Amino acid sequence: MRIEKLHLQDFGQFHGKDVTLAPGINVIYGANEAGKSTTKDFIVDMMYGIDKSRGIGARFDHYEQKKPINGAAFSGAMQVSVNGASYLIERNFSRAEKKTTVRDLNTGREVALQAPNDLLGSLLHTDKSTYLNTLCVGQIDATTDKEIADKLNNYIVNMASSRAGDIDAVNAIMELKNKKKEFSNKELEARQQELTAKLTMERDFDAELAALKEEYAKVEANMENGKADQLQFTPIKNASAEAAATEEPEQEELLEEEPLTKREQDIKMLQNMGKRSILDNAFVILAMGILLVALFVGIAYMIPVSISAVKLGIIGVGVFLVTLTLIQVLIRRAKLHQLMEEIEIEQGFEDAKGTIDSEAHRQAITQLSELRMKEQQLVNARNEQEQLLLEINQIREKMRSNAVEVAALDLAIKTIQDLSEEIYDSFGSVLNEQVSEIVSRITNDKYTEVKIDDQLRVMVKSGNSFISIDYLSTGTIAQIYLALRLSIANVLIDEELPIIMDDIFVTYDSQRLYETLNCLGEYMNRQIIIFTTNAGVHDMFGQIGVSSNLIAL
């Protein structure tokens with residue numbers, strides 16, 4: 001692409017400004033703030049457009065800086081020649097009315113763009129970043145030696161990695177390395193150690209639970225056996241109560257196959273009599289004896305016998321019989337009382353045994369409760385251990401996944417680095433040769449050979465050895481920087497885009513400027529547009545016999 005005419009309709013400080021450019025070298029001269037950088041920006045913006053920033057920074061971005069001062073429409077036009085055909089590019093830069101049209105001046109037809117407001121793919125094939133980092137050279141006078149060297153080395157890495165300036169391989173590698181930090185296992189390893197310390201792998205929770213259940217079953221069995229072993233004592237009841245409590249007494253008696261013992265008969269009699277009877281009262285027995293004696297006395301006096309001896313005999317016999325009966329009753333009463341005492345003692349033993357059994361039952365219940373509590377504690381501890389193992393396994397899986405991601409990132413980094421070396425090998429020798437030739441001319445053969453080594457470091461030959469450009473003067477580094485840019489452009493940019501230099505000769509002395517301009521006039525076959533405050537640049541081109549077009553702003 002060769003620029004033929006510029007029409008700055010409304011752009012920055014210009015309104016209706018026309019500039020005509022020659023095919024070769026153009027020197028655009030103007031004092032400070034005459035609009036040189038504005039004109040340079042207009043050319044680039046006509047080629048690639050202006051993207052409006054967003055946010056707070058939008059108030060100071062390139063779009064705002066180049067808006068027309070008079071507040072008019074934000075537009076312009078540029079006539080170019082591409083492969084022998086002339087085209088008119090018209091742009092409206094206003095964000096609200098952004099529009100780009102390209103018209104073929106030979107046919108008058110509008111050229112269809114592959115993307116709205118974008119010349120790439122139609123008139124242009126080099127992206128904006130690559131162009132700005134090669135053929136469009138801005139002011140570098142404020143940059144220190146080290147900063148220039150770093151910028152140069154960084155750019156070489158990018159270009160060697162991708163052959164495109166907008167793909168930053170250095171930053172890509174840095175981003176990949178930063179990405180690796182996201183998959184670091186350091187915190188996961190610390191967490192794994194913390195969880196592992198809480199594990200009690202030596203405990204067999206299932207065996208402990210089985211032992212507890214076995215002990216629980218034994219306590220339950222003992223409780224059941226204790227109930228079965230209790231003596232069943234039947235308290236003494238009266239006959240009516242027993243009859244009421246028994247549904248089929250006659251049937252039970254029929255079922256008795258063995259006769260009752262004397263003791264069992266006495267117990268049954270006591271059951272029929274109840275715990276208390278009139279025989280329990282000694283006064284009642286004596287009263288009954290006296291009544292019986294009185295009965296015999298009465299009978300003796302009632303018998304119509306006048307013999308006193310007979311009556312006394314009847315009375316004596318009666319007294320004897322009553323005495324004998326009373327003695328037997330009292331003996332029987334004593335035996336029954338003894339039997340009752342034995343029964344009461346047995347009942348006391350049963351009550352005591354019942355009390356003991358109740359205490360044992362309570363202890364068994366307490367023991368069962370404690371066993372259940374231990375069982376729950378064991379279950380909780382086992383569940384906690386299982387959760388720890390689950391989290392540890394999850395951490396291990398995450399660590400394995402992170403290791404895969406890190407391996408992939410390492411592979412990506414190595415691939416970029418390998419590609420850098422491969423691409424360097426593919427055009428490094430050509431680049432070195434061109435850079436060396438240009439540097440040799442512009443430094444008047446002071447530095448005749450430049451090498452970009454396998455580590456992408458720029459070295460210049462000084463004497464019999466190569467030294468880093470860090471050791472060179474600012475002016476020499478600037479010359480090498482320019483030579484490198486132009487050499488990269490020759491290697492990577494196929495289309496003939498114009499070379500733009502915006503006041504880059506500020507730090508050049510007259511000898512260095514003469515050598516640089518002489519080199520430009522002899523080796524550059526592209527259209528060259530030089531913006532400068534030095535009017536002597538045009539005269540110097542004349543001195544070396546190179547034609548140049550002088551344009552005053």
Side-chain angles (χ1 to χ4, degrees), residues 1-21 26 28 30 33-83 85-133 135-136 138 164-166 495 497-498 500 502 527 529 531 551 553:
M1 175 185 290
R2 188 178 73 248
I3 301 173
E4 298 177 346
K5 293 181 180 179
L6 302 176
H7 178 69
L8 290 74
Q9 178 59 40
D10 295 290
F11 192 89
Q13 67 199 73
F14 294 111
H15 175 69
K17 175 70 173 180
D18 292 317
V19 178
T20 302
L21 299 175
N26 297 269
I28 300 179
E33 300 183 0
K36 298 186 299 299
S37 294
T38 300
T39 305
K40 183 264 295 183
D41 291 338
F42 177 79
I43 295 174
V44 176
D45 293 342
M46 285 300 300
M47 294 171 65
Y48 295 101
I50 302 176
D51 293 326
K52 181 73 174 72
S53 301
R54 295 181 180 180
I56 298 176
R59 295 179 297 173
F60 310 103
D61 67 355
H62 180 70
Y63 178 89
E64 293 295 330
Q65 291 175 356
K66 299 306 175 185
K67 286 178 66 175
I69 295 177
N70 58 8
F74 197 180
S75 62
M78 182 170 69
Q79 183 176 330
V80 299
S81 174
V82 179
N83 297 326
S86 294
Y87 298 91
L88 180 64
I89 304 171
E90 296 178 299
R91 284 188 184 270
N92 187 334
F93 298 103
S94 177
R95 183 173 56 182
E97 302 176 5
K98 180 184 290 187
K99 183 179 181 181
T100 301
T101 59
V102 178
R103 192 171 302 278
D104 188 335
L105 295 179
N106 296 327
T107 63
R109 294 180 179 177
E110 184 175 340
V111 178
L113 302 178
Q114 292 189 5
N117 303 307
D118 194 348
L119 301 183
L120 285 175
S122 54
L123 298 187
L124 284 174
H125 301 283
T126 302
D127 61 87
K128 184 177 182 179
S129 179
T130 301
Y131 182 71
L132 292 178
N133 282 284
L135 297 179
C136 186
D166 60 339
E495 56 185 330
L497 296 177
I500 300 177
D502 185 13
Q527 183 183 39
I529 305 173
F531 295 91
I551 303 170
L553 291 179

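Please read these numbers as outputs of a predicted model, since none were measured by experiment. Computed over heavy atoms, backbone and side chain alike; hydrogens, waters and symmetry mates excluded.
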Is there side-chain contact between Asp10 and Phe93, with heavy atoms separated by less than 4.5 Å? no
Candidate pair Leu120 and Gln114, rule side chain to side chain contact (heavy atoms under 4.5 Å, CB included), full reasoning: CA-CA 7 Å; Leu120 285 175; Gln114 292 189 5; over 6 Å; no
Hey, mind stepping through Val102 and Ser122 against side chain to side chain contact (heavy atoms under 4.5 Å, CB included) and telling me if it holds? CA-CA 10 Å; Val102 178; Ser122 54; 5.7 Å; no
Between Asp502 and Ser37, what is the shortest heavy-atom contact and its length? OD2-OG, 3.0 Å
Not counting sequence neighbours, which residues clear side-chain contact (heavy atoms from CB on, under 4.5 Å) with His125? List them please. Glu495
Report yes if some heavy atom in the side chain of Pro498 is under 4.5 Å from a heavy atom in the side chain of Tyr131; otherwise report no. yes
Where is the tightest heavy-atom contact between Pro68 and Ala73, given as atom of each residue plus distance? CG-O, 3.4 Å
Nearest 0.5 Å please: distance from the CD1 atom of Ile3 over to the CG atom of Leu21. 6.0 Å
How far does CG of Leu124 sit from CE of Met47, to the nearest 0.5 angstrom? 5.0 Å
Asn83: partners by side-chain contact (heavy atoms from CB on, under 4.5 Å), with sequence neighbours left out: none
Straight-line distance of Ser81 OG to Lys5 NZ, nearest 0.5 Å: 12.5 Å
Residues at least two apart in sequence or cross-chain that pass side-chain contact (heavy atoms from CB on, under 4.5 Å) with Lys67, listed by chain then number, are Tyr63, Glu64, Phe74
Would you call Leu113 and Leu119 a side-chain contact if the rule is heavy atoms closer than 4.5 Å? yes
CD1 of Ile551 to CD1 of Ile529, rounded to nearest 0.5 Å, is 8.0 Å
Return the OG1 to NZ distance between Thr38 and Lys17, rounded to the nearest 0.5 Å. 12.0 Å
To the nearest 0.5 Å, what is the distance between OG1 on Thr39 and CG on Leu8? 5.5 Å
Do Phe14 and Phe42 come close enough that some side-chain heavy atom pair is under 4.5 Å? no
For the student: nearest non-hydrogen atoms of Asp104 and Ser86, plus distance: OD1-O, 3.6 Å
State which residues pass salt bridge (charged side-chain N to carboxylate O under 4.0 Å, His left out) with Glu90; sequence neighbours excluded, sorted by chain then number. none
Hits for side-chain contact (heavy atoms from CB on, under 4.5 Å) against Asn117, two or more places apart or cross-chain, chain-then-number order -> Arg91, Lys98, Thr100
Taking every heavy atom of Cys136 against every heavy atom of Val44, the minimum-distance pair comes out as SG-CG2, 4.1 Å
Which residue pairs pass the salt bridge (charged side-chain N to carboxylate O under 4.0 Å, His left out) test with at least one member in residues 38-50, sequence neighbours excluded? Asp41-Lys66
Any side-chain to backbone donor/acceptor pair from Glu110 onto Thr101? Under 3.5 Å, distance only. no
